[in-house]
Amino acid sequence: NAGVTQTPKFRVLKTGQSMTLLCAQDMNHEYMYWYRQDPGMGLRLIHYSVGEGTTAKGEVPDGYNVSRLKKQNFLLGLESAAPSQTSVYFCASSYRREGTAYEQYFGPGTRLTVT
Amino acid sequence: AQKVTQAQTEISVVEKEDVTLDCVYETRDTTYYLFWYKQPPSGELVFLIRRNSFDEQNEISGRYSWNFQKSTSSFNFTITASQVVDSAVYFCALSEEGAGSYQLTFGKGTKLSVIP
């Protein structure tokens with residue numbers, strides 16, 4: 001099993017450009033998440049999904065959009081990149097069971113620089 | 001609102017010393033879950049432990065141990081006889097059942113450097 005994979009691993013964008021980050025998991029997990037990690041800030045939740053076709057906003061959703069058309073994929077889009085979106089982006093997934101939180105499995109991260 | 005505080009930004013220890021990483025959390029839920037993750041210099045996030053709010057038993061896994069105290073809202077992590085491979089950033093995280101999505105709120109992390 002590949003677990004959680006992210007594409008691409010690195011990307012440099014110019015201000016105003018758009019891009020999509022792809023997250024894929026092969027563990028049949030219901031829940032998927034997108035986080036960003038900035039120095040000294042820990043990880044902050046951007047958007048999440050509790051199942052195919054559903055998405056919701058997290059702590060820092062502005063400037064991002066997401067889609068979950070297939071259970072195994074969770075896409076993060078930047079419509080008009082800004083330097084403040086320079087960060088490392090992590091995707092994660094976890095099992096779903098009523099009344100229990102399971103550990104999240106993380107992808108390797110995407111390092112994005114916006115100039 | 002839930003919150004996780006890791007007051008120690010950076011810690012340096014000499015190999016074989018014991019070290020404790022502190023984690024203090026805030027939540028209004030009675031049912032919640034606490035986690036520790038390790039982020040080595042290579043950058044990936046590695047799950048270490050999950051604990052639910054109804055289980056206050058301490059846990060030991062090899063050189064790692066965790067002390068969960070609801071009375072002080074703390075979930076501290078101790079590494080015994082530290083090794084260079086323990087050098088990493090360690091994150092404590094909280095998940096509330098009331099959120100439904102079980103999203104994680106992370107602390108800002110503690111960077112541990114183990115000096116040979």
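On a predicted model such as this, the values are computed, not experimentally measured, just so you know. Letters A, B, ... are given to chains in the order of the sequence lines, protein chains preceding strands, and every chain is numbered from 1.
Under a cut-off of 6.0 angstrom, the local environment of NZ in B:K70 is crowded, with over 12 non-hydrogen atoms contributed by other residues, nucleotides or ligands.
One hydrophobic cluster, built from ILVMFWY side chains closer than 4.5 Å, cannot hold both A:Y105 and B:L104; they sit in different ones.
Only the side chain of B:Y37 comes within less than 4.5 Å of a heavy atom of chain A; its backbone N, CA, C and O stay farther away. Proximity to chain B (any heavy atom under 4.5 Å) is shown, for A:L43, by both the backbone and the side chain. Looking at A:E59, neither its backbone nor its side chain comes within 4.5 Å of chain B, counting heavy atoms on both sides. Using a 4.5 Å cut-off between heavy atoms, B:Q39 contacts chain A through its side chain alone, with no backbone atom that close.
Between B:D22 and B:S74 there is no side-chain heavy-atom pair separated by less than 4.5 Å. Between A:S67 and A:T55, every side-chain heavy-atom pair lies at or beyond the 4.5 Å cut-off.
Chosen from A:Q37, A:M41, A:R44, the residue pairing most often with chain B at heavy-atom distances under 4.5 Å is A:Q37.
In summary, of the residues considered (A:Y64, A:Y35, A:W34), a side-chain hydrogen bond (donor to acceptor under 3.5 Å, both in side chains) with A:Y89 occurs for A:Y64 alone.
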